[in-house]
2 protein chains.
Amino acid sequence: MEQTQLKEALEALKETGVRITPQRHAILEYLINSMSHPTADDIYKSLEGKFPNMSVATVYNNLRVFREVGLVKELTYGDSSSRFDFITTHHYHVICDSCGKIVDFHYPGLDEVEHLASHVTGFKVGNHRMEIYGTCPDCSTKETH
Amino acid sequence: MEQTQLKEALEALKETGVRITPQRHAILEYLINSMSHPTADDIYKSLEGKFPNMSVATVYNNLRVFREVGLVKELTYGDSSSRFDFITTHHYHVICDSCGKIVDFHYPGLDEVEHLASHVTGFKVGNHRMEIYGTCPDCSTKETH
DNA sequence: TTATTAAATTGTAATGTTTATAAATAGTGT
DNA sequence: ACACTATTTATAAACATTACAATTTAATAA
């Protein structure tokens, strides 16, 4: 499952003329396997064991490359640092206001909204982002005891 | 029109026990009158004339206060600094990928999505955010000549 | 009006994330 | 294996935002 995704991702890089380095391989692998939404620093720390000499700049550089190629989505919430998400299928995120947990939420998409927006504003609409905020079950039970 | 909004905002502050200082008055006024979505630094620079001694920290502190009271929404896009938006009616933003222009876009809301998300994830859903990205008319014409 | 008190402002330093830079290194196609 | 460039590394710099302590000020009541 993940193997396919990784292969496809590497293929996509090759096609764009982006070189495949061990660091890039490892970052991609981490993004695919981690079911969370890590920050650049999370990734840096997680790969410290395998790559003791890797620079933080490398992580940032490659996340930018992956974003430009369209492999990765950058999520900017209110908190200090960006989070990065390997793009699989179209899905949204539900975020807990209390503990910050991020849960994936699949939804058909909001093409209708895009069309309306395009019509009203005259923009050539390309894409959109949406996040839903609330309290996760864990934090809900904690609050009401 | 704006006078009413400002009065109501000041009233809301009073009710919450937040003191009304000249700086707060000016920042609120600026947010309401500016039809743009200024950064903290925009606000700071714009009020430099009236308040030569005002600290950047004051701007940040008060934007946080306004957000906590619910008068202002903080918008975190990809770029480096947050933007702040005085909350009037429920609307979304359409953002130009090319020049960064932000246009308001009124839409009935996405209650249905919130309900579904709540049902699927078990979250107590409170609110959501959505932004639409594309190319504005100006940039579109520039590209195609 | 004045005194009182807690809250807000100021100035500055500190923090933390992200980017820029230049030298060293390593992928890729031949 | 070679040559050509992209990439990595290490470090410094830039930038937005926050923390802090001292000073000032808004709100309240006498």
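Below, read A as the first sequence line, B as the second, and so on, with proteins coming before strands; counting in each chain starts at 1. It should be emphasised that the depicted structure is a prediction, and the values quoted were computed from it without experimental measurement.
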Could you tell me whether His128(A) and Tyr92(A) have their ring centroids closer than 6.0 angstrom?
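Ring centres of Tyr92(A) and His128(A) closer than 6.0 Å.
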Side chains of Phe123(B) and Cys136(A): does their closest heavy-atom pair fall under 4.5 Å?
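Sidechains of Cys136(A) and Phe123(B): in contact.
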Could I get the full list of salt bridge (charged side-chain N to carboxylate O under 4.0 Å, His left out) partners for Glu131(A), not counting sequence neighbours?
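Only Arg129(A), Arg129(B) meet the salt bridge (charged side-chain N to carboxylate O under 4.0 Å, His left out) criterion with Glu131(A).
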Residues which pass salt bridge (charged side-chain N to carboxylate O under 4.0 Å, His left out) with Asp97(A), listed by chain and number, not counting sequence neighbours:
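Applying salt bridge (charged side-chain N to carboxylate O under 4.0 Å, His left out) to Asp97(A) gives none.
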Taking side chain to side chain donor-acceptor pair (under 3.5 Å) as the definition, give me every residue that meets it alongside Glu112(B), ordered by chain and number, with sequence neighbours left out.
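If we apply the side chain to side chain donor-acceptor pair (under 3.5 Å) test to Glu112(B), skipping adjacent residues, the hits are Tyr107(A).
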Can you measure Leu63(A) atom CG to dT8(D) atom P for me and round it to whole angstrom units?
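From Leu63(A) CG to dT8(D) P: 11 Å.
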What residues in residues 44-60 of chain A put a non-hydrogen atom under 4.0 Å from any atom of DNA chain D?
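Only Asn53(A), Met54(A), Ser55(A), Ala57(A), Thr58(A) qualify.
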Selection: residues 12-30 of chain B, any non-hydrogen atom under 4.0 Å of DNA chain D
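By residue number: Arg19(B), Ile20(B), Pro22(B).
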Please state whether the phosphate of dT17(D), meaning OP1 or OP2, lies under 4.0 angstrom from any side-chain nitrogen or oxygen of Ser82(B).
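Indeed, a polar side-chain atom of Ser82(B) lies that close.
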Tell me whether the OP1 or OP2 atom of dT8(D) has a side-chain N or O from Asn62(A) closer than 4.0 Å.
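True: Asn62(A) side-chain N/O within range (under 4.0 Å) of dT8(D) OP1/OP2.
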Over its full length, what angle do the end axes of the helix from dT1(C)-dA30(D) to dT30(C)-dA1(D) make, each axis taken from five pairs and the result rounded to 10 degrees?
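Computed from the C1' atoms at both ends, the axes differ by 50°.
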Geometric class of the His93(B)/Tyr77(B) ring pair [parallel <30°, tilted 30-60°, perpendicular >60°]
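Ring orientation, 0 to 90° scale: perpendicular.
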